[in-house]
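Just below is one structure, and these are the notes that go with it.
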Amino acid sequence: MLTYFPTPYPGELFYSVLCRYYMSSGIREHNIVKRQLFGSKSGIKMATLYPNAAIHAVLSQLPKGVYDGRDMIVHHTPFAYYTRMYSINEREALLDDLLQGRGKTPTHLWKTFPRGDYALRYCPLCVEEDARIYGEPYYHVEHQIPLSGVCVRHKCRLKQIVVANPRLTLNNCFYPLGAMETDREPDMDILPAELQVSELVREYWMLPASVSPPTHNNLYQELLNRDYMEIARQTGIIVDKSKLYAALCDYHGTAMIERVFGSSISTSMANRLKVWEQLLPDRYILIQAMLGLSTKTVFDPEPVRDNLREKMERMAVQGRFCTPQQG
């Protein structure tokens, strides 16, 4: 039984809470503290972006009812972001698995997680503000989602802690933000598109658990409405993949689009986007930001207007073709 476990701060990353337990324990041997926290599962990876059995291992050692496991997963990990494109039933099944300590990272997620030197991130102004309000800074969940590069609250570029071999090191050791050397100079030189994407990432994470994509696809339909379309001989009206890719590069920068979409948008990728089969939200968000579409519209159970269909219906009623001016 753990004698003390910190209460999470608002939006605090679960790993950050573990780091504060480590500091309060007075023990500096990381393996000893991991055995305290995780018991027989002391070898578990504790700093993964998608939650795992670490939460169940910790909460099972606390008095019943002290902490709500569901709340810990939904509000203190990026779980809600990474499962946003799942159906409600699928999301609940994944959540139940995690609450029972048997959750595994979905294959499509661990394949797309950043590699190499990607470490935990922070906002210099949040560090200052958190220290003033709570007496110590902490890692925020929304800052860790890779697609987001800006602190939405302060409109400040996120910075990254410096640790060697972070993917391995963070899972084996505790690095409380308050004990790290951080760059306190804020970088406010951000582009509107960067802030827009970070705002959408935050919205996707904070949406209620009941929100999932509807059966129709307003995002795809809006692409067609904005003339990102072409006529395919066998499949009819589809998204013009080359035009869309070029527009995304113009809006977000080629480096960002290549990182998220690859070197082009394939027919298979476009088809999967159309039916919500791309389960990582990143590609939807970049398209949504470029279109200036609200998150409410994307997830709205009511479909947006189909401009082409309405035009064809008007032509049918008139019994003749419209001129461009009439259409």
* Tyr122 and Gln160: side chain to side chain contact (heavy atoms under 4.5 Å, CB included), yes or no, with the steps? -> CA-CA 6 Å; Tyr122 63 92; Gln160 185 170 285; 5.8 Å; no
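- Transitive grouping of hydrophobic side chains (ILVMFWY, heavy atoms separated by less than 4.5 Å) keeps Leu125 and Tyr139 in distinct clusters.
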Do any side-chain atoms of residues 185-192 form donor-acceptor pairs under 3.5 angstrom with protein atoms, and if so which ones, sequence neighbours left out?
from	atom 1	to	atom 2	distance (Å)
Asp187	OD1	Asp189	N	3.1
Asp187	OD2	Arg157	NE	3.2

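- Residues satisfying the salt bridge (charged side-chain N to carboxylate O under 4.0 Å, His left out) test with Asp227, not counting sequence neighbours, are none.
- In this structure, Met180 and Val163 have side chains that are in contact, with non-hydrogen atoms separated by less than 4.5 Å.
- For Trp205, there are no ring-ring contact (aromatic ring centres under 6.0 Å, His included) partners, not counting sequence neighbours.
- A donor atom on one side chain and an acceptor atom on the other are not found under 3.5 Å apart for Glu29 and Tyr22.
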| message | Show, in sequence, the C-alpha distance, side-chain angles and deciding distance for Leu37 and Phe5, and conclude whether the side chain to side chain contact (heavy atoms under 4.5 Å, CB included) test is met. | response | CA-CA 9 Å; Leu37 287 168; Phe5 192 75; 3.9 Å; yes
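- Partners of Ser268 under the side chain to side chain contact (heavy atoms under 4.5 Å, CB included) rule, at least two apart in sequence or in another chain, are Ser266, Arg272.
- A search for salt bridge (charged side-chain N to carboxylate O under 4.0 Å, His left out) contacts involving Asp68 returns nothing, not counting sequence neighbours.
- When atom types are taken as modelled, the side chain of Thr83 and the backbone of Arg91 share no donor-acceptor pair closer than 3.5 angstrom.
- Side-chain atoms of Asp250 and Met290, non-hydrogen and from C-beta on, never get closer than 4.5 Å to each other.
- Here the side chain of Arg121 pairs a donor or acceptor atom with the backbone of Ile145 at under 3.5 angstrom.
- Nearest heavy-atom pair, Tyr204 versus Val298, reported as atom, atom and distance to 0.1 Å: OH-CG1, 4.0 Å.
- Side chain of Asn217 to backbone of Lys274: a donor-acceptor contact under 3.5 angstrom is found.
- Closest heavy-atom contact between Leu200 and Gln288: CD2-NE2, 3.3 Å.
- The ring-ring contact (aromatic ring centres under 6.0 Å, His included) contacts involving residues 248-292 comprise Trp276-Tyr284, where partners must be two or more places apart or lie in separate chains.
- Side-chain contact check for Leu195 versus Lys155: some heavy-atom pair is nearer than 4.5 Å.
- Val58 places a side-chain heavy atom less than 4.5 Å from the side chain of Phe14.
- Heavy atoms only, all atoms of each residue included: Lys34 and Ile44 are closest at NZ-O, 3.2 Å.
- Side chain of Asn271 to backbone of Thr267: a donor-acceptor contact under 3.5 angstrom is found.
- Side-chain atoms of Gln36 and Tyr21 include a donor-acceptor pair closer than 3.5 Å.
- The pair Arg20-Glu136 meets the salt-bridge criterion, since a charged nitrogen lies less than 4.0 angstrom from a carboxylate oxygen.
- Of the possible donor and acceptor atoms, none in the side chain of Glu230 sits under 3.5 Å from a partner among the backbone N and O of Asp240.
- Residues passing the salt bridge (charged side-chain N to carboxylate O under 4.0 Å, His left out) test with Lys159, sequence neighbours excluded: Asp183.
- Ionic pairing of Asp96 and Arg102 is present here: one or more N-O contacts between side-chain nitrogen and carboxylate oxygen are shorter than 4.0 angstrom.
- The side-chain heavy atoms of Arg283 and Met269, taken from C-beta on, include a pair separated by under 4.5 Å.
- Glu142 contributes no side-chain N or O that, together with a main-chain N or O of Arg202, makes up a donor-acceptor pair within less than 3.5 Å.
- When all heavy atoms of Arg305 and Asn225 are compared, the closest pair comes out as O-ND2, 2.7 Å.
- Contact annotation: the side chain of Ser24 approaches that of Tyr4 to within less than 4.5 Å [non-hydrogen atoms, C-beta and beyond].
- No donor-acceptor distance shorter than 3.5 angstrom exists from the side chain of Ser198 to the backbone of Ser148, with no hydrogens or angles considered.
- A donor-acceptor contact shorter than 3.5 Å links the side chain of Tyr138 to the backbone of Pro10.
- No side-chain heavy atom of Leu98 sits under 4.5 Å from any side-chain heavy atom of Ile55.
- Grouping Ile, Leu, Val, Met, Phe, Trp and Tyr residues whose side-chain heavy atoms lie under 4.5 Å apart, directly or via other members, leaves Val152 alone, with no other cluster members.
- When all heavy atoms are compared, the tightest approach of Ser210 to Ile88 is O-CD1, 3.0 Å.
- Leu99 and Leu94 end up in the same hydrophobic cluster when Ile, Leu, Val, Met, Phe, Trp and Tyr side chains are linked at under 4.5 Å.
- Under the 30°/60° scheme for interplanar angles, the aromatic rings of Phe174 and His30 are found to lie parallel.
- Listed by chain and residue number, Cys123, Cys126, His143, Arg153, His154, Leu158 satisfy the side chain to side chain contact (heavy atoms under 4.5 Å, CB included) test with Cys151 (two or more places apart in sequence, or in another chain).
- Residue Leu273 is grouped with residue Ile237 when hydrophobic side chains (ILVMFWY) are merged at heavy-atom distances under 4.5 angstrom, including chains of intermediate members.
- Of the candidates Leu13, Asp130, Leu177, Asp130 is the only one forming a side chain to side chain contact (heavy atoms under 4.5 Å, CB included) with His140.
- The shortest side-chain heavy-atom distance between Leu49 and Tyr15 does not fall under the 4.5 Å cut-off.
- Under 3.5 Å, the side chains of Glu12 and Ser16 contain a donor-acceptor pair of N or O atoms.
- Looking only at atom types and distance, the side chain of Arg84 has no donor-acceptor partner in the side chain of Ser212 under 3.5 Å away.
- For residues 49-61, every residue pair satisfying the side-chain hydrogen bond (donor to acceptor under 3.5 Å, both in side chains) rule, not counting sequence neighbours, is listed here: Thr48-Asn52.
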Item to complete: Take Leu224 and Ile238 through the side chain to side chain contact (heavy atoms under 4.5 Å, CB included) test and state the conclusion after the steps.
Response: CA-CA 8 Å; Leu224 300 180; Ile238 61 173; over 6 Å; no
Which is it for Arg70 and Phe79 under the side chain to side chain contact (heavy atoms under 4.5 Å, CB included) test, yes or no, and what are the steps along the way? CA-CA 11 Å; Arg70 182 187 182 92; Phe79 173 83; over 6 Å; no
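- Residues satisfying the salt bridge (charged side-chain N to carboxylate O under 4.0 Å, His left out) test with Lys296, not counting sequence neighbours, are Asp300.
- Looking only at distances, a side-chain donor or acceptor of Ser25 sits under 3.5 Å from a matching main-chain atom of Ile27.
- Around the CD atom of Gln278, the shell of radius 6.0 Å holds more than 12 heavy atoms that belong to other residues, nucleotides or ligands.
- Pairs of residues two or more places apart, or lying in two chains, never qualify as side-chain hydrogen bond (donor to acceptor under 3.5 Å, both in side chains) while including a residue from residues 167-179.
- Distance alone, capped at 3.5 Å, is enough to place a donor-acceptor pair between the Glu90 side chain and the Ser87 backbone.
- Of all heavy-atom pairs between Tyr81 and Val201, the closest is CD1-O, 3.7 Å.
- Hydrophobic clustering keeps Tyr9 apart from Met206 (ILVMFWY residues linked when any side-chain heavy atoms are closer than 4.5 Å, directly or through intermediates).
- Leu2 and Ile32 fall within a single hydrophobic cluster, where Ile, Leu, Val, Met, Phe, Trp and Tyr side chains are chained together by heavy-atom contacts under 4.5 Å.
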